[in-house]
Amino acid sequence: MINEEKVLSKPIFSVNDLSLWYGEEQALKKINLSIANNQVTAIIGPSGCGKSTFIKTLNRMVENIPIVKVDGDILYHQKSVFSNEMSVEELRTRVGMVFQKPNPFPKSIYENVVYGPKIHGIKDKYLLMEIAENSLKRAALWDEVKDRLKKNALSLSGGQQQRLCIARALAVSPDVLLMDEPTSALDPIATGRIEDLILDLKQEYTIVIVTHSMQQAARISDKTAFFLMGELIEYDDTQKIFSNPTNKKTEDYITGRFG
Amino acid sequence: MFTQRQPSIRKKASIGKLDLIEAAPKLNIEINRNRIARRLILNNSMRIVFLIATSLGIVILAILLYRIITDSIGWLNLDFLRGNLSIFPERAGIKGVIIGSVWLMLIVIPVTLVLGVSTAIYLEEYAAESRFQTLIKVNISNLASVPSVIFGLLGLAVFGRMLNLGSSILSGGLTLSLLVLPIIVVASQEAIKAVPGFLREASYAMGADKWMTVRKVVLPVALPGILTGSILAMSRAIGETAPLVVLGIPTLILRIPNSVMDDFTALPIQIYYWTLDTVLTREYANLAAATIVVLLAILFGMNAIAIIIRNKFETKF
């Protein structure tokens, strides 16, 4: 099952016996895994297997649903995300998130990017502009939008909107980026650009990405976790998962026998 | 026709796909042509029924407008808008009445906007789904349909007598505020509810707290809806008579109000009194008609503003 010899020396996230319920229904069953620094970790599995639920527990977004009950622990930099030492707001500043459907605010491109810095109290116009430029460059969007920063973000194409959402997440300088099927609403070309971007971002950020596409997981991730019915079936190097999976269920899934 | 052959389809469907295709029923073109012709006749007659229903309302409104406008001709002029109230019809003007209505709005707008929008934000964003919250929501919806005269009685008891504000502008304004508050709460709730959840999610995922999210994301997107609802509620307030009658607004005031503690008269109430006194002085009917035209012009103007705001500023996702 989980490769015990490869215990990471300094994981950014350690998930210990994590279980989660939506009311009576258990969505995650005793998940244990560690996520390494500056790597891309892909979460794969059929619909309803709990993969989205899982990454939403990493920044505690899942708790916005009132009936959710969580058991077990998640350590972020060796500190429990559920403890009082770190507020949810601080956690989410350091663990950014990009959603399935591009969700820019109906504001200008510039206002979208500086939203995070502004709510965290940065007022200096020059500093904000610098952050905006820097974030848009990192999200590989700067060249396309530098002449129309004041235009409404909803006027951008779907792929540009998604990169804008990435830029917006980067603007508060997180060290982890959670991505919940970020390309599922995009065409193949826009998807390719986001995938290239993820490979670039890996130098500076730790990325956890939920994906429906096994090819995508194989192309961009270092580690892959396979979820099924709320259980973590297998977690290993991506290469190993896709060439020589240990578990029969993993093999069935990646060879397309179900899911 | 379909009906006769359907049982056999069901039976064959269980055998296999190929059988189903072979058994596909054919429409009898001749029979069906007659049926289509009959349906088209019904279709056309329904259209006429609906047209009559619609025109009935419009015709009645047109007659009303025609009578009012013909009655007001010769009476509605600049002198009428600029003059003070008088017992002599030829000399009467409604400057003080318009000012009274404006004063009322100056109380109603800030009071209802602050209270109404705050209530809506609390109910939609802060209060968790609980029985208590559902109870409040249902009650607010019910309040919106309470007859206005009841609010007048409440205003008389609380503002007029208990707080000793009498029939002042403050007393009238607060009473009208109570009256339209539920409308604004419900309208604001709808506008806030219509803000897509993914925008809130985006904000929370950046480490924003609730108030930041409400202030920077939810309210700006909901604002056109809130304003539209508020303007419609204001036009309800500006046209209400019953609560003010209950408060005991004096029939004839010659002085123009200049503070919230002054007595006042307002457009709908002046229309009411002039109409009542038509039995004494026939020309009062013309004064009432002219005032109605002024009130209607204000109402249409407010509704137009509401429509413009809705069309121009609403974000589509």
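Bear in mind the structure is a predicted one, so any value in this text is a computation, not a measurement. Chain letters run A, B, ... following the sequence lines, proteins first and then strands; every chain starts at 1.
Contact annotation for Val98(A): neither backbone nor side-chain heavy atoms come within less than 4.5 Å of a heavy atom of chain B. At a 4.5 Å heavy-atom cutoff, the contact between Ile119(A) and chain B is made by backbone and side-chain atoms alike. At a 4.5 Å heavy-atom cutoff, the contact between Phe99(A) and chain B is made by side-chain atoms alone. Of the atoms belonging to Arg94(A), not a single heavy atom falls under 4.5 Å from chain B. Neither the backbone nor the side chain of Val88(A) comes within contact range of chain B, judged by heavy atoms closer than 4.5 Å. Neither the backbone nor the side chain of Pro174(A) has a heavy atom closer than 4.5 Å to any heavy atom of chain B.
Within a 6.0 Å sphere centred on NZ of Lys151(A), heavy atoms belonging to other residues, nucleotides or ligands number 12 at most. Residue Lys101(A) places its NZ atom among 12 or fewer non-hydrogen atoms of other residues, nucleotides or ligands, all under 6.0 Å distant.
Both tests do not hold together for Arg60(A) against Tyr204(B): distance to the six-membered ring centre under 6.0 Å, angle to the ring axis within 45°.
The residue among Met212(B), Arg200(B), Arg215(B) with the most heavy atom pairs within less than 4.5 Å of chain A is Met212(B). Between chain B and the options Lys107(A), Met61(A), Lys56(A), Met97(A), heavy-atom pairs under 4.5 Å are most frequent for Met61(A). Per-residue heavy-atom pair counts under 4.5 Å with chain B were compared for Asn103(A), Val172(A), Leu178(A), Leu91(A), and the maximum is reached by Asn103(A).
Using a cut-off of 4.0 Å between Lys/Arg side-chain N and Asp/Glu carboxylate O, Glu89(A) and Lys210(B) are scored as not salt-bridged. Salt-bridge formation is not detected for the pair Lys150(A)/Glu111(A): no Lys NZ or Arg NE/NH1/NH2 atom is positioned less than 4.0 Å from an Asp or Glu carboxylate oxygen.
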**Q.** Derivation of the side-chain contact (heavy atoms from CB on, under 4.5 Å) call for Phe54(A) and Leu20(A)
**A.** CA-CA 9 Å; Phe54(A) 173 71; Leu20(A) 184 140; over 6 Å; no
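By the 4.5 Å heavy-atom criterion applied to side chains, Tyr115(A) and His120(A) are not counted as neighbours.
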